[in-house]
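These numbers come from the heavy atoms of this one structure, side chains and all, not from hydrogens, waters or symmetry mates.
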Amino acid sequence: MPARPAAAPAGALALLPPPGLRRDDVLEAVAGLVDKSVLCRETGPGGVRYRLLDTLRQYGLEQLRRDTGQEEAARRRQRDWMARRAEQYERGWFGPGQPETAALLRADQDNLRAALDFSLTAPGEALAGLRLAGTLWFHWHACGASREGLYWLDRALAAAPAPTRERARGLWVAGLLAAATRDFPRGRRHAADALALAHALGDAAEAAHAEYVIGVIRLFGDDLPGALRHFEATVARGPVPGQHLSLVGLDQVELACALGFLGEAERAVEVCEQALRLCERHGEQWVRSYVLRMLALAHTVLGDWPRAQRHAREALRLKLAVHDVIGIALTLDLLASIAARRGTPEDAALLLGGADRVWADIDTGRWGSHTLNSVRRDSEERAVLALGREVFERLHRRGGALGLRDLAGHALQEPGRPPGGEAADPSPPEDTTVPLTRRETEVARLVAEGLANQQIADRLVIARRTAEGHVERILGKLGFSNRSQIAAWMTAQR
């Protein structure tokens, strides 16, 4: 039967009242519930996890709600447990465990939403909610959750208006996520407010983080000379105490990007080599993927197509490991450009179709960036000139119909990839139609947007229990065990 993720024993220990409770008691109780099929035991990221039916979970919650103080205390313990995990993940993010951290946070998605929802609805807890949402900046930005992150940060910033370090952090993170969803004016406003507040608080690290956001908005807002001056200054200054190493590395990435876009490829390569040394010292992969993309861009400018393609493919492989949707879209664009210039227009057309599909979940206009859109237009024009419009459109549609795994397999030239040549017709797509009702489809779409059950109920003006029932039926019809799978399925349907 479909169920939702619940905390593993470590989480159960964190949630239950401590007086008189031993670890062995908790483990024995969990084992008993598994024996009675109340809990389902399964292997997941980080070890064993447990699933609990929504109906049973609701019954337990109703029993807990008979004592308001007990319910609030349990929710606070759960939030504090999630906050400790988030802080641990952030401390270790610039290191070798990024794919595992990304997987753990996806598995803890419902726990995270519950912690944030409690913090932003319970009196006196808003600052803790803002701290949690800001701590997870890397999750929202690097792992394809920009819109959900912005939703929580908007709520947290409204609920905690005091001039605190948490607010400075929340403002620049919200600015970065707003820019990622093409709201550049809002992104600039948030980043400028974050910088002013960080200066007022004397917090050099949060000021440096806000400056990164200001610079990246200049870069993708087509102010290339301004972005170049900005990142030359921040890279020359070097890291400040407390600045996250990911953002130190990204300062170097954006400097290389500005140099590459302005045709200064040799300087871009030098900056990338410096950034690679930083990543290699820490075994880091996510920033490294962007450095490799910049190396690919630089070698494209230099006309070294084999080296450019090799770097771009390695960048894509690393981005897939953490599900960096923005990075995947940018890298597919670059691979399509390389293919068009190397004289493989079939690959260019197919990759461009895949890139356009991935961009559809971010912004079909590529943030309105003249630079990014001119690269796309050049790839299309070269491919159309070589293939003709009809063949190009056919291959473009084929690329847009591929799942991300098959698309990546083609881009990486891995065994089993779908053929890009015109002579080979693709196999008929597997029938993925599922008889969801109209209301279930609406609910599934809202789950994919990152809304919790209460938020879905509010949006559709239905009872929370009704929303939970819809989610449980959707899970059953699709044969899924969690909401993340619904979200992925909805994305694939689009």
Side-chain angles (χ1 to χ4, degrees), residues 96 98-100 102-103 106 142-144 253 260 272 276 279-280 283-300 304-362 372 375-376 379-380 382-383 387 392 395-427 429-430 488 491-492:
Q98 289 168 329
E100 292 75 15
R106 280 195 294 273
C143 306
V253 165
C272 287
L276 279 177
C279 295
E280 287 166 359
E284 199 277 346
Q285 300 177 61
W286 176 61
V287 173
R288 179 185 174 86
S289 73
Y290 279 98
V291 178
L292 290 168
R293 180 178 168 271
M294 290 306 104
L295 280 172
L297 174 63
H299 288 298
T300 298
D304 188 343
W305 312 122
R307 188 174 296 181
Q309 188 175 63
R310 186 169 67 251
H311 286 316
R313 285 175 174 171
E314 181 59 23
L316 180 62
R317 189 175 285 109
L318 294 178
K319 290 178 184 303
L320 287 164
V322 297
H323 195 63
D324 178 3
V325 176
I326 293 173
I328 290 168
L330 288 165
T331 307
L332 287 171
D333 270 350
L334 185 55
L335 281 164
S337 175
I338 293 167
R341 289 167 177 267
R342 287 195 76 179
T344 53
E346 296 89 350
D347 281 344
L350 191 144
L351 289 170
L352 201 56
D356 286 346
R357 183 182 66 78
V358 178
W359 274 109
D361 287 333
I362 306 165
L372 293 178
V375 169
R376 191 216 174 278
S379 301
E380 179 172 342
R382 289 173 184 269
L387 299 170
F392 170 83
L395 287 167
H396 183 274
R397 286 194 299 272
R398 184 181 302 176
L402 291 176
L404 191 56
R405 184 178 300 175
D406 287 338
L407 180 63
H410 178 88
L412 298 172
Q413 299 287 292
E414 291 176 345
R417 68 176 177 86
E422 171 57 18
D425 290 329
S427 301
E430 184 179 343
T491 300

Novice: I need the minimum non-hydrogen distance between Arg341 and Arg382, along with the two atoms involved.
Specialist: NH1-NH2, 3.8 Å

Novice: Taking Glu314 first and then Arg310, would you say they form a salt bridge - that is, a charged N and a carboxylate O separated by under 4.0 Å?
Specialist: no

Novice: Return the orientation label for the Tyr290 and Trp286 ring planes: parallel under 30°, perpendicular over 60°, tilted otherwise.
Specialist: perpendicular

Novice: Do the side chain of Thr300 and the main chain of Ala296 share a donor and acceptor less than 3.5 angstrom apart?
Specialist: yes

Novice: Side-chain contact, heavy-atom cut-off 4.5 Å: Lys319 with Ile326?
Specialist: no

Novice: Can you confirm whether His311 sits close enough to Val291 that some side-chain heavy atom of one is under 4.5 Å from a side-chain heavy atom of the other?
Specialist: no

Novice: Taking all atoms of both residues into account, what is the closest heavy-atom pair of Leu351 and Ala411, and its distance?
Specialist: CD2-CB, 3.7 Å

Novice: What is the minimum heavy-atom distance between Val322 and Arg106, and which atoms define it?
Specialist: O-NH1, 3.8 Å

Novice: Is a side-chain donor or acceptor of Arg357 paired with a backbone partner of Leu402 at a separation under 3.5 angstrom?
Specialist: yes

Novice: Can you tell me if Thr331 uses its side chain to pair, donor with acceptor, with the backbone of Ala312 under 3.5 Å?
Specialist: no

Novice: Measuring only between side-chain heavy atoms, which start at C-beta, is Pro306 closer than 4.5 Å to His299?
Specialist: no

Novice: With a 4.5 Å limit on heavy-atom distance, are the side chains of Trp359 and Leu332 in contact?
Specialist: no

